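Keep in mind that this is a model prediction, so the values were computed, not measured.
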Amino acid sequence: MGAEEENNKSWPPWLKPLLQEKFFVQCKLHADSHKSECNMYCLDCTNGPLCSLCLPFHKDHHAIQIRRSSYHDVIRVSEIQKFLDITGVQTYVINSAKVVFLNERPQPRPGKGVVNTCQVCYRSLLDSFRFCSLGCKISGTSKNFDKKRKDWTNNLSDSDDSYSSTTTSIGRLKKNNDIVNNNSFTPSTPPLSAVNGRIVKRRKGIPHRAPFGGLIIEY
């Protein structure tokens with residue numbers, strides 16, 4: 001059994017399908033109703049998002065409600081913790097209720113002074129948490145994750161060493177070229193003389209004519 005299969009068995013069978021679904025779309029079965037927005041999910045059927053009109057067909061099943069915050073899907077802690085261990089996942093308070101995000105929300109760069117970030121997507125976290133979402137917890141606790149991170153770190157280190165070596169070689173080459181140029185016998189172009197920023201031109205001399213060049217003597 002591979003590491004990926006073992007990791008899948010450590011989670012409920014409905015979790016990964018839940019994280020892959022797109023919620024808040026129109027229900028195909030109840031498109032004519034104004035209550036056709038799909039924001040429910042049946043953990044027993046795992047056959048896609050449901051609208052409120054679909055729930056009577058799942059009355060004996062475990063259904064949860066998905067909510068939205070800043071265009072991201074969230075679920076209340078009071079609902080999800082009945083079925084899933086969310087230890088290590090940061091919680092947020094939205095509309096006076098604690099929620100967790102379903103999937104990662106990558107952050108371009110951590111804020112100043114941030115010392116704790118998500119182990120998967122590096123989003124800023126409070127000190128007591130390891131992951132920013134349920135999806136990041138799945139990725140960060142898999143057996144392959146540490147190996148992938150180690151390989152990525154080694155590749156980054158190799159890239160840094162290669163860049164440092166290349167930079168050093170370029171610096172040496174430039175230094176050698178400077179030495180060769182300094183020892184060159186090619187004379188440099190003399191600077192132009194200037195007074196008050198203007199180029200000084202050589203004044204023309206007073207023209208001299210040959211003596212008696214234009215004198216006609218008659219006898």
Exercise for the section: Treating Ile, Leu, Val, Met, Phe, Trp and Tyr as nodes and any side-chain heavy-atom pair under 4.5 angstrom as an edge, say whether I64 and V74 lie in one connected cluster. Expected result: no

Fill in the blank from the handout: Taken to the nearest 0.5 Å, the spacing of M40 CE from F23 CZ works out to 10.0 Å

Handout entry: Cluster overlap I80 with Y92, hydrophobic side-chain contacts below 4.5 Å
Key = no

Handout entry: Separation between OG1 of T87 and CZ of R130, rounded to the nearest 0.5 Å
Key = 10.0 Å

Handout entry: Donor-acceptor under 3.5 Å (N39 side chain, Q65 main chain)
Key = no

Practice task
Give the intermediate values and the outcome of side-chain contact (heavy atoms from CB on, under 4.5 Å) for residues H61 and L43.
Solution key: CA-CA 7 Å; H61 297 172; L43 304 183; over 6 Å; no

Exercise for the section: Please assess D73 against N103 for the test side-chain contact (heavy atoms from CB on, under 4.5 Å), listing each intermediate value before the final yes or no. Expected result: CA-CA 8 Å; D73 297 334; N103 292 296; 5.5 Å; no

Exercise for the section: Please confirm whether the backbone N or O of C136 pairs with a side-chain atom of S139, one donor and one acceptor, at under 3.5 Å? Expected result: no

Exercise for the section: Give the cluster check for L19 versus I66: same hydrophobic cluster or not, with ILVMFWY residues linked at side-chain heavy-atom distances below 4.5 Å. Expected result: yes

Handout entry: Ionic contact status for R67 with E79, cut-off 4.0 Å
Key = yes

Practice task
May I ask you to test the H30-C54 pair for a side-chain heavy-atom distance under 4.5 Å?
Solution key: yes

Exercise for the section: Supply the atom-to-atom distance C121 SG to R105 CZ, rounded to the nearest 0.5 angstrom. Expected result: 8.0 Å

Handout entry: Distance in Å, R76 CZ paired with N95 CG, rounded so as to fall on 0.5 Å steps
Key = 7.5 Å

Practice task
Check whether any side-chain heavy atom of F101 sits under 4.5 Å from a side-chain heavy atom of V89, and report yes or no.
Solution key: no

Problem - Student check: side-chain heavy atoms of I75 and Y41 closer than 4.5 Å - result: no

Problem - Single-linkage hydrophobic cluster L134~F24, side-chain heavy atoms < 4.5 angstrom - result: yes

Fill in the blank from the handout: Minimal heavy-atom distance between C132 and R123, with the atoms involved, is CB-CD, 4.2 Å

Handout entry: Pairwise distance CG(D85) to OG1(T141) - rounded to 0.5 angstrom
Key = 10.0 Å

Problem - Side-chain touch L53/S36, heavy atoms, less than 4.5 angstrom - result: no

Practice task
Any chance you could lay out the side-chain contact (heavy atoms from CB on, under 4.5 Å) test for H58 and D44, step after step, and finish with the verdict?
Solution key: CA-CA 9 Å; H58 302 266; D44 298 310; over 6 Å; no

Practice task
Identify the heavy atoms of A63 and L55 that sit nearest to each other, and give their distance.
Solution key: CB-CD2, 4.2 Å

Handout entry: Criterion side-chain contact (heavy atoms from CB on, under 4.5 Å) against F131, the qualifying member of V120, I138, I86
Key = V120

Problem - Under 3.5 Å: donor-acceptor pair, side chain of S70, backbone of H72 - result: no

Problem - CZ-CG distance between F57 and L29, expressed to the nearest 0.5 angstrom - result: 8.0 Å

Handout entry: Flag side-chain contact, heavy atom, 4.5 Å: T91 against F129
Key = yes

Fill in the blank from the handout: Between E21 and G48 the two heavy atoms that sit nearest each other are OE2-CA, 3.6 Å

Problem - Shared hydrophobic cluster, V77 / L125 (ILVMFWY, side-chain heavy atoms < 4.5 Å) - result: no

Exercise for the section: Kindly indicate whether the side chain of V114, heavy atoms from C-beta on, has any atom under 4.5 Å from the side chain of Y122. Expected result: no

